[in-house]
Structures are given as C-alpha cells and as structure tokens.
Protein chains: 2
Amino acid sequence: MNKAAPNGRPRARSSVTIQHIAARAGVSTATVSRTLANPDVVTAKTRERVLRAVAETGYTPNVAARNLRARRSMMILVVLPNVANPFFAQVLRGVDDELVTAGYDMIIGNLDNLVAREARYVRLAQAGQVDGVLLMTGRIPKGDTRNMDDLGLPMAAVCAAVPGLAAPQIVADDRGASIAVAKHFIGLGHQRFGYVSGLQGNVNDVQRYAGFLEGLDAAGVPREAVTYWPGDFNLRAGVEAARAFLTLAERPTAVYAACDEIAIAFIKTVSDAGLEVPKDVSIIGFDGIEFAEFISPTLTTMRQPRYELGRASARALLEEIQDGGTGERLIELPAPMVVGDSTAPPRPGR
Amino acid sequence: MNKAAPNGRPRARSSVTIQHIAARAGVSTATVSRTLANPDVVTAKTRERVLRAVAETGYTPNVAARNLRARRSMMILVVLPNVANPFFAQVLRGVDDELVTAGYDMIIGNLDNLVAREARYVRLAQAGQVDGVLLMTGRIPKGDTRNMDDLGLPMAAVCAAVPGLAAPQIVADDRGASIAVAKHFIGLGHQRFGYVSGLQGNVNDVQRYAGFLEGLDAAGVPREAVTYWPGDFNLRAGVEAARAFLTLAERPTAVYAACDEIAIAFIKTVSDAGLEVPKDVSIIGFDGIEFAEFISPTLTTMRQPRYELGRASARALLEEIQDGGTGERLIELPAPMVVGDSTAPPRPGR
DNA sequence: CTGAAAGCGCTAACAA
DNA sequence: TTGTTAGCGCTTTCAG
C-alpha cells in the first residue's frame with residue numbers, strides 16, 4: 001500500500017490484488033481467477049470461499065493486467081466528426097445500448113472536424129487499447145505510419161459509408177430518400193428547385209444531392225432548374241443560403257436542405273424577410289430531429305433511424321470481433337418521409 | 001459472455017514490441033523506453049537509432065503493459081445521465097478539447113437515466129481503468145460495495161452540483177440566473193407566473209425553481225401567483241405543461257421553463273392553440289441552445305456556457321490528478337440572459 | 001548515459 | 001478440481 005504521493009505519483013488505488021484474495025480464501029491465484037471467470041469449473045465450497053473473500057475486501061480485478069494478459073480490452077473506439085453534433089448523440093445512444101449488453105465500453109474519438117486529429121486515434125487503436133473501431137466519419141482515419149484499416153482491427157462504419165472499406169457499413173438510404181424528396185416536390189407541382197448542401201465532399205451530402213438530381217431528372221426537370229448553395233451541416237449555412245435565395249429574381253419554389261438545421265434556419269430567415277412557408281417556398285430537410293415538429297411550420301423531413309443505426313452498427317462490429325470478420329457488406333436503412341407543413345403546391349402562376 | 005475468439009488465439013495486433021526495437025537499434029529495452037518517454041536523457045546517436053527503428057517498424061507501445069506498470073491509464077471516465085441529450089454533447093466537446101491537450105482520452109459512462117447503470121462504472125473506475133472521473137449527473141454513482149467517491153480517485157463535478165462531494169464542482173449559476181428571470185418578468189409588469197420544471201429532484205431544477213421564487217418573492221409576489229407544472233427536460237414536458245396551461249381560466253402571463261426544449265414546445269403548443277407569444281404569454285427558457293434564435297418568436301433564454309463548463313471542469317479534474325487533490329470548491333459560471341422576442345409586457349388589463 | 005533485472009496483476013498452459 | 005509456473009510488454013530502480 002503506497003501512501004499519498006506528493007508530486008503527481010500515482011495515488012493509492014484499489015490495493016487489494018488477486019494475491020490477497022487467494023491468501024484469504026486459502027487457494028491459489030489461478031483458482032481465484034477461474035472462480036471469477038468461470039464459476040462452474042470450481043467446487044461449490046471453493047467458489048463460496050473465494051466469493052466471500054472478494055465480497056469482504058471489495059476486490060475488483062485490475063483491468064490493465066487483465067488486458068495485458070488476455071490481449072483484449074473490452075473497449076470500442078468510436079471515431080466521430082464532432083461530439084457536439086446532436087445527431088451523433090442519438091446514434092451514440094444506440095451504440096452504447098448495444099455495447100453495454102455485450103460488456104463493452106466505449107472510448108470517444110472526437111475529431112472536432114479536424115483531419116489532423118485522426119492520427120491520435122490510429123495510435124490509440126494501434127496501441128492495443130481497443131478491441132474494435134466504429135467509424136462515423138465517412139473516411140478511414142489516417143495515421144502517421146499506418147491508417148486505421150491497416151491495423152487488423154475489427155471495424156464497422158455507420159452513418160457515412162466509407163468507400164472501399166472492407167467492413168460492415170450501416171447507413172441510411174440517402175439516395176433513395178432524396179429521390180423521394182424530388183418526387184414529392186414534383187407531385188406538388190414545383191418546377192424550380194434549390195439544394196442547400198452539407199459539408200463539401202461529405203459522402204452523405206454527395207448522395208443526397210445525387211439522389212435529388214436523379215429524382216428530378218426522372219421527371220424531366222432540366223439541371224438548370226436546380227440552384228445549388230454550398231453549406232455545411234450547421235444552422236449558419238441555412239441562413240446564408242436563404243440570404244442568397246432572397247436576392248434571386250426568379251426564386252425556386254422548392255428547396256431541399258441537406259439537414260434539418262439548415263432547413264430550420266432557412267425557414268426562419270425567409271420568414272423574417274416576409275415570405276411565407278410553404279406558400280412562397282416549400283422546404284424539406286433531412287434527419288428528422290425532434291425540433292422538426294416544434295417549429296412553425298412543422299418541417300417536412302426524411303427521418304434517419306439514428307438510434308437503430310447506432311445499434312445495428314454496434315451489433316455488426318461485435319460480430320466482426322467474435323466471428324473474426326464476416327466482412328464487407330452494406331446495410332441501408334430506409335429514411336422515411338415525415339410530412340410536415342413546410343411543403344405545399346407553389347402559388348398559382350409560379 | 002465468451003472471452004476468446006472462437007477460432008483460437010486473439011488476432012494479430014501490433015506484434016512489434018519494445019524488444020524488437022531494442023534488438024534492431026542494438027540497445028536495451030530500457031533505453032528504448034527512455035528514448036520514447038524522455039528523449040533528452042539519451043545521447044543523440046542512440047536517440048536517432050532508436051527513433052529510426054521505431055519509424056521503420058511502426059512501433060507503438062502497448063498501452064495495457066504501460067498502464068499496468070505505470071499505474072495510470074491516461075483515461076478519464078465521464079459519467080453522464082444521457083448521451084442522447086444535446087446539452088451534454090456541447091459540454092463534452094469542451095471536456096474533450098481540454099483532455100486531448102493533456103494527452104488524456106475519455107470513456108463515456110452513459111447512465112441512460114438509469115440509476116441501476118451506475119454500478120457498472122464504479123466497477124470500471126475501481127478496476128483502475130481510469131485516472132479520474134468527471135460527474136455530470138449531480139449525484140455520486142452507487143456501486144455494489146463502494147460508491148464512486150470511495151475509491152480514492154480524483155473527481156470533479158460539472159453541470160450539476162453534487163451535494164457533499166469533496167471535489168471541484170463547476171456549474172452554472174442557476175439560482176442567480178433564475179432570480180434574473182423573475183426580475184425581467186417583474187420589470188415587464190407581469191403578475192401571474194408559471195414554472196415548468198425539469199426532472200423532479202434534479203439539482204439544477206431545484207435551484208432554478210428556488211431562484212425564481214426568490215426573485216419573485218423579493219418583488220412581493222405571493223407564492224399563490226405561481227403555477228407549477230412538473231416535467232422533465234424534454235420537449236414532451238413543454239407540450240403537456242402548455243396543455244395544462246390552456247385549460248386554466250385565469251392563465252399566467254409569464255412562464256419560466258427549466259430548459260429551452262420545454263420552452264420551445266410550450267410556444268409551439270400554445271401558438272397552435274391560437275395564442276400569441278409574447279402578447280398572450282411571455283416565455284423564458286434555460287440553456288441557450290442554438291435553436292433558440294431560430295424559432296419564431298426567438299426565445300429569451302439564460303445561456304449556459306456549455307463549452308466553457310466542459311473545459312473548466314476538465315481542467316479542474318486534471319489539476320486534481322496532478323496536485324493530488326486541491327479538493328472541494330465550487331465554481332459558478334454566470335448564465336447571462338439572451339433577450340429574444342418571446343418576452344413582452346402582458347396585454348393591458350391582464 | 002546505458003544495461004540488467006525485477007516486477008506491475010493477471011491468465012492460461014501444464015501438472016498433479 | 002486445483003496448484004505451479006511462465007509470461008503478457010512495459011517502466012524503473014540500481015549498478016556499472
């Protein structure tokens with residue numbers, strides 16, 4: 001038992017080790033280990049004595065020692081673009097629920113949208129700190145010497161597909177949902193369209209834009225009928241796109257936003273400028289965040305099954321860990337439309 | 001749960017160890033270790049040889065071994081009520097930013113609002129898995145045998161104060177902010193008030209309600225002039241409170257909501273019922289979430305410095321770890337009012 | 001400045 | 001069924 005360390009030395013922790021338990025129960029350390037890992041393999045009497053000793057002392061096995069010896073950590077690394085983004089918070093809950101049941105915990109690898117931060121987590125993974133990696137970033141984290149996919153570590157991707165990754169990928173059907181958006185607008189009679197993008201180059205954004213164009217194209221809408229405003233996945237982008245929209249002489253009557261935040265900010269901005277939604281302009285968002293139904297007008301949006309995305313991906317990752325990698329496979333969950341009051345036919349004559 | 005991969009041994013990880021580096025560089029393992037931990041202590045020539053060997057092999061020290069030997073993990077456990085709550089997501093970003101600079105990573109202990117889940121994380125902490133614990137829950141997690149504060153582990157609390165915890169606590173000034181809310185309403189001329197609570201018994205909620213009453217009391221408002229609606233910190237609570245509000249014959253003209261979600265849902269619900277905000281009823285929320293300024297009318301709210309709460313608490317925890325515990329101390333960050341369009345004087349004659 | 005050697009606490013062969 | 005024993009890969013005295 002070491003005493004209070006003055007200068008940054010490790011303080012006293014749970015100082016009771018497997019040795020103490022062994023001594024107290026009058027058995028070997030191996031028996032203690034067995035009792036804890038596999039109770040049925042020891043006699044009832046032994047088990048009882050060991051467990052009593054454990055209870056009396058409040059013993060908990062040292063994880064570092066166990067990890068070192070057993071070569072596993074029961075930890076999963078979750079790499080995500082930005083912890084502050086509420087979207088991922090929901091997904092994380094699904095991930096956590098699934099991991100906890102399997103006895104795993106999660107380490108958060110927050111990139112804060114900075115590519116430079118990737119290397120840190122590659123290092124962490126390479127150091128044997130985790131048993132698996134869940135990618136929410138849509139790309140393979142780059143390390144100093146090796147990349148995340150070069151570690152022989154079980155992986156899975158969620159939310160954003162990673163091109164060329166040989167691992168399970170669980171994503172929403174961005175393209176299909178976006179085709180549905182186009183169809184919905186077309187069905188209402190719109191003829192001039194706008195798209196406010198998410199982060200440039202983001203896989204989801206690319207898919208959504210592509211799907212939207214595809215859907216419009218199928219209805220014979222020419223590409224020139226679509227105005228594109230670049231953005232990112234934040235509220236600010238909606239404000240800026242709306243301002244650009246307002247300066248237009250001949251405005252689109254139907255705008256598709258890459259996420260709900262953008263859509264909500266767009267609505268707010270054009271409303272403040274005196275336009276009416278949906279009479280003057282219809283808007284559809286993406287994600288189906290909770291706030292969508294608490295603004296006025298309520299937002300028409302494509303609902304991503306965030307919790308289920310989290311669960312499914314965690315489950316897939318656990319399977320990778322257990323089965324040693326059943327490997328590549330793409331699971332696309334549908335993102336159904338939730339119709340709100342932000343969409344309507346265009347004003348006559350528009 | 002099974003521990004070993006079905007098909008034999010654990011998969012190949014970073015198989016290069018300090019031994020390999022030592023051999024390759026023609027030095028002892030001790031020298032390799034020193035070079036990596038403290039480069040200045042070896043000669044330039046030695047350093048160069050070791051670092052080359054490291055670079056050539058892509059060697060990364062095994063963390064479990066290091067943890068075991070060094071008795072530290074460079075991991076912080078963050079216990080939070082609910083990962084899915086966007087409020088905490090922001091705080092987490094502050095925490096992460098601070099931890100990363102100090103070389104720490106974080107493990108998320110998500111309680112999912114379930115007290116029963118606490119024990120799991122007490123165990124994790126007791127197992128030496130982390131160097132410190134950050135509590136966002138407003139209570140001390142209870143374990144099977146011991147509680148979180150009984151582990152001799154550095155701790156800090158953030159967002160919600162933990163009564164009787166001998167550790168730094170970093171919170172927003174709920175009480176002071178709520179007094180300001182009362183004053184603001186009073187200044188506008190209101191005389192009948194409502195309060196929609198957060199989760200029953202939650203420290204923050206208790207403080208906010210107390211502060212609100214205190215502020216009203218100071219202005220001579222009798223307790224009967226305040227209607228209380230129980231809730232939790234979710235949108236749904238705002239809907240329910242609003243419905244109750246609508247049934248009242250003589251309605252409050254000023255409502256204070258324990259968080260912005262509640263306020264937003266309240267506004268939506270009463271607006272849909274034909275009332276005008278703020279003409280018929282003024283509303284103030286708490287937190288200052290981003291959406292507050294993107295609804296109509298924009299929300300008056302008390303802005304919590306979420307990112308800063310995260311940073312400050314992480315910093316305090318790191319100090320605890322380094323200084324061996326400077327201990328108990330309460331830091332209250334101000335939560336300034338952001339005035340929106342949801343507050344105004346009551347209609348004449350009300 | 002460097003090397004030898006002793007473990008950190010635990011698990012898993014292998015014996016008994 | 002249980003004990004003995006040999007490490008897992010690393011850091012850190014203690015000598016040299």
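Naming convention: chains lettered A, B, ... in sequence-line order (proteins, then strands); numbering from 1 in each chain. Hydrogens, waters and symmetry mates are skipped; everything else that's a heavy atom, side chains included, is used. Since we're looking at a predicted model, the values are computed, not measured.
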Not counting sequence neighbours, which residues clear salt bridge (charged side-chain N to carboxylate O under 4.0 Å, His left out) with [X]? List them please.
X: B/R117; value: A/D96, A/D97, B/D112
X: B/E328; value: none
X: B/E98; value: B/R311, B/R315
X: A/D105; value: B/R120

Handout entry: Five-pair end axes of the helix from C/dC1-D/dG16 to C/dA16-D/dT1, angle between them (10°)
Key =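 Overall, the helix from C/dC1-D/dG16 to C/dA16-D/dT1 bends by 30° from one end axis to the other.
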In whole angstrom, what separates [X]'s [atom1] from [N]'s [atom2]?
X: B/I18; N: D/dT12; atom1: CD1; atom2: C1'; value: 11 Å
X: A/N38; N: C/dC10; atom1: CG; atom2: C1'; value: 16 Å
X: A/R72; N: C/dT11; atom1: CZ; atom2: P; value: 8 Å
X: B/H20; N: D/dC10; atom1: NE2; atom2: C1'; value: 14 Å
X: A/Q129; N: D/dC8; atom1: CD; atom2: P; value: 20 Å
X: B/Q19; N: D/dC8; atom1: CD; atom2: C1'; value: 11 Å
X: A/N62; N: C/dG7; atom1: CG; atom2: C1'; value: 14 Å
X: B/R66; N: C/dC10; atom1: CZ; atom2: C1'; value: 20 Å

Practice task
Sort and list the pairs that fulfil side-chain hydrogen bond (donor to acceptor under 3.5 Å, both in side chains) and have at least one residue in residues 75-92 of chain A, not counting sequence neighbours.
Solution key: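 Non-adjacent pairs meeting side-chain hydrogen bond (donor to acceptor under 3.5 Å, both in side chains): zero.
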Practice task
By nearest nucleotide on DNA chain C, pick out whichever of A/A64 and B/D40 is the more 5' one.
Solution key: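 Of the two residues, B/D40 wins.
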Handout entry: Selected nucleotide, minimal atom distance to B/V42 side chain, candidates D/dC10, C/dG9, C/dT2
Key =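 Of D/dC10, C/dG9, C/dT2, C/dT2 is nearest to the side chain of B/V42.
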Practice task
Among the candidates D/dT2, C/dG9, C/dC10, find the nucleotide nearest to the side-chain atoms of A/L68.
Solution key: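 That would be C/dG9.
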Compare side-chain N and O positions of [X] against OP1 and OP2 of [N] and report whether any pair is under 4.0 Å apart.
X: B/R69; N: D/dC8; result: no
X: B/T46; N: C/dT2; result: yes
X: A/R71; N: D/dC8; result: no
X: A/S33; N: C/dT11; result: yes
X: A/S28; N: D/dG3; result: yes

Practice task
Remember a base hit wins even if backbone is also touched, and classify B/V27 as base, sugar-phosphate or nothing at under 4.0 Å, heavy atoms.
Solution key: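 Here B/V27 touches the backbone only, sparing every base.
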Practice task
Would you indicate what B/T43 reaches in the nucleic acid, counting non-hydrogen atoms under 4.0 angstrom: base, sugar-phosphate, or nothing?
Solution key: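 Counting heavy atoms under 4.0 Å across all strands, the contact made by B/T43 is with sugar-phosphate only.
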Scan nucleotides 14-16 of chain D against the protein and return all N/O pairs shorter than 3.5 Å with their distances rounded to 0.1 Å.
none

Handout entry: With sequence neighbours excluded, residues passing side chain to side chain contact (heavy atoms under 4.5 Å, CB included) with A/N62
Key =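 Checked A/N62 against side chain to side chain contact (heavy atoms under 4.5 Å, CB included); matches are A/A64, A/A65, B/L68.
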Exercise for the section: Check for a donor-acceptor pair, side chain of A/T57 on one end and backbone N or O of A/A53 on the other, with a separation under 3.5 Å. Expected result: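 Answer holds: yes.
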Problem - A/V158 backbone acceptor or donor facing A/Q169 side chain under 3.5 Å - result: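 Pair absent, no side-chain N/O of A/Q169 close to backbone of A/V158.
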Handout entry: Any pair counted as salt bridge (charged side-chain N to carboxylate O under 4.0 Å, His left out), so long as it reaches residues 28-38 of chain A, sequence neighbours left out
Key =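 For residues 28-38 of chain A: none.
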Handout entry: Minimum side-chain heavy-atom gap B/P61-B/I18 below 4.5 Å
Key =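 With C-beta onward as the side chain, the pair stays apart.
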